[in-house]
Amino acid sequence: MTLRDRLEEDIRDSMRQRDQGRVDALRFLKFAVQAVEKERRETLDDQAMIEVVSKQANDRRESVKAFRDGGRTELADKEAAELAVLEEYLPPQLSEDEIVALIRETVEAVGATGPRDRGKVMGRLMPQVRGKADGAEVNRLAGEILDSMG
């Protein structure tokens with residue numbers, strides 16, 4: 001079953017179960033996928049859909065943080081619930097140790113010697129972790145590793 005089929009099926013199931021919060025989150029995701037498809041003028045495959053889900057999940061994470069910082073816990077809780085639904089569509093997330101190991105492999109592969117090589121490392125690393133790790137976290141860890149070299 002493709003990710004698109006699963007999304008459609010989950011929307012129908014959530015509607016039958018009258019789970020309005022889940023229906024809203026899934027429909028929002030469907031609209032985001034359709035917007036990207038319209039922009040690119042092509043039907044997205046599973047990998048491209050994972051990229052859209054990942055972007056939506058990152059947006060939710062930022063919203064949760066902003067709402068919590070602003071004392072708006074009810075809105076933060078709503079965004080956190082939507083994030084939980086979106087995370088069901090993402091591949092299992094890499095642990096920090098797995099990310100560090102990938103960074104070290106990439107540093108060695110590109111011959112990075114310090115912080116100036118961050119672009120080379122991130123350019124090679126991000127396609128490997130896309131959808132499996134938060135890009136900001138990967139960037140932070142890569143920076144720490146490269147800073148310790150230089």
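Only this structure's heavy atoms are used, side chains among them; waters, hydrogens and symmetry mates stay out.
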Are any side-chain N or O atoms of Ser14 and backbone N or O atoms of Ile11, one a donor and one an acceptor, separated by less than 3.5 Å?
-> no

Does the side chain of Arg16 reach to within under 4.5 Å of the side chain of Arg12, using non-hydrogen atoms?
-> yes

In terms of hydrophobic clustering (I, L, V, M, F, W, Y; side-chain heavy atoms under 4.5 Å; direct or indirect links), are Leu90 and Leu7 co-clustered?
-> yes

Applying the 4.5 Å side-chain criterion to the ILVMFWY set and letting contacts propagate, would Leu146 and Val129 be lumped into a single cluster?
-> yes

Check for a donor-acceptor pair, side chain of Asp46 on one end and backbone N or O of Leu3 on the other, with a separation under 3.5 Å.
-> yes

4.5 Å side-chain heavy-atom contact, Gln128 and Thr106 | yes

Between Asp117 and Thr113, does a side-chain hydrogen bond (donor to acceptor under 3.5 Å, both in side chains) hold up when you go through it step by step?
-> CA-CA 7 Å; Asp117 296 321; Thr113 58; 3.2 Å; yes

Ionic contact status for Arg72 with Glu79, cut-off 4.0 Å = no

Are Met122 and Leu94 in one and the same hydrophobic cluster, where Ile, Leu, Val, Met, Phe, Trp and Tyr link if side-chain heavy atoms are under 4.5 Å apart?
-> yes

Judged by atom type as modelled, is there a donor-acceptor pair below 3.5 Å linking the side chain of Glu98 to the main-chain atoms of Ser95?
-> yes

Of all heavy-atom pairs between Leu44 and Arg4, which one has the smallest distance, and what is that distance?
-> O-NH2, 3.4 Å

Specify the closest pair of heavy atoms between Ala76 and Val64, including all atoms of both residues, with the distance to one decimal.
-> O-CG2, 3.7 Å

Using a 4.5 Å cut-off on heavy atoms from C-beta on, say whether the side chain of Glu105 contacts that of Leu102.
-> yes

Test side chain to side chain contact (heavy atoms under 4.5 Å, CB included) on Glu82 and Phe28 and set out the steps.
-> CA-CA 10 Å; Glu82 289 182 7; Phe28 193 80; 5.6 Å; no

Can you check whether Asp45's main-chain N or O pairs, donor with acceptor, with Gln47's side chain at less than 3.5 Å?
-> no

Within-4.5 Å side-chain heavy-atom neighbours: Met49 and Val36 = no

Hey, are Arg61 and Glu87 close enough for a salt bridge, meaning a charged N less than 4.0 Å from a carboxylate O?
-> yes

Is a side-chain donor-acceptor pair under 3.5 Å present for Asp24 with Gln20?
-> yes

Which pair of non-hydrogen atoms, one from Ala48 and one from Arg40, has the smallest distance, and what is that distance?
-> CB-NH1, 3.8 Å

Under the side chain to side chain contact (heavy atoms under 4.5 Å, CB included) rule, what do Met126 and Asn139 come out as? Steps first, then yes or no, please.
-> CA-CA 9 Å; Met126 286 311 292; Asn139 192 29; over 6 Å; no

Lys30/Glu8 under salt bridge (Lys or Arg N to Asp or Glu O under 4.0 Å): CA gap, chis, key distance, verdict = CA-CA 8 Å; Lys30 181 179 175 182; Glu8 292 291 339; 3.2 Å; yes

Look at the side-chain heavy atoms of Ile, Leu, Val, Met, Phe, Trp and Tyr, link any pair under 4.5 Å apart, and say whether Val110 and Leu141 land in one connected group.
-> yes

Taking 4.0 angstrom as the limit, do Glu144 and Arg140 come out as a salt bridge?
-> yes

Please assess Leu26 against Tyr89 for the test side chain to side chain contact (heavy atoms under 4.5 Å, CB included), listing each intermediate value before the final yes or no.
-> CA-CA 10 Å; Leu26 293 172; Tyr89 289 86; 3.5 Å; yes

Is any side-chain heavy atom of Arg27 closer than 4.5 Å to a side-chain heavy atom of Met15?
-> yes

Ile103 side chain reached by Val107 side chain, heavy atoms, under 4.5 Å | yes

Between Glu108 and Arg104, is the closest basic N to carboxylate O distance under 4.0 Å?
-> no

Quick check: are there more than 12 heavy atoms from other residues, nucleotides or ligands sitting under 6.0 Å from CZ of Arg6?
-> yes

For Ala109 and Arg124, the nearest pair of non-hydrogen atoms, with its separation, is CB-NH1, 3.4 Å

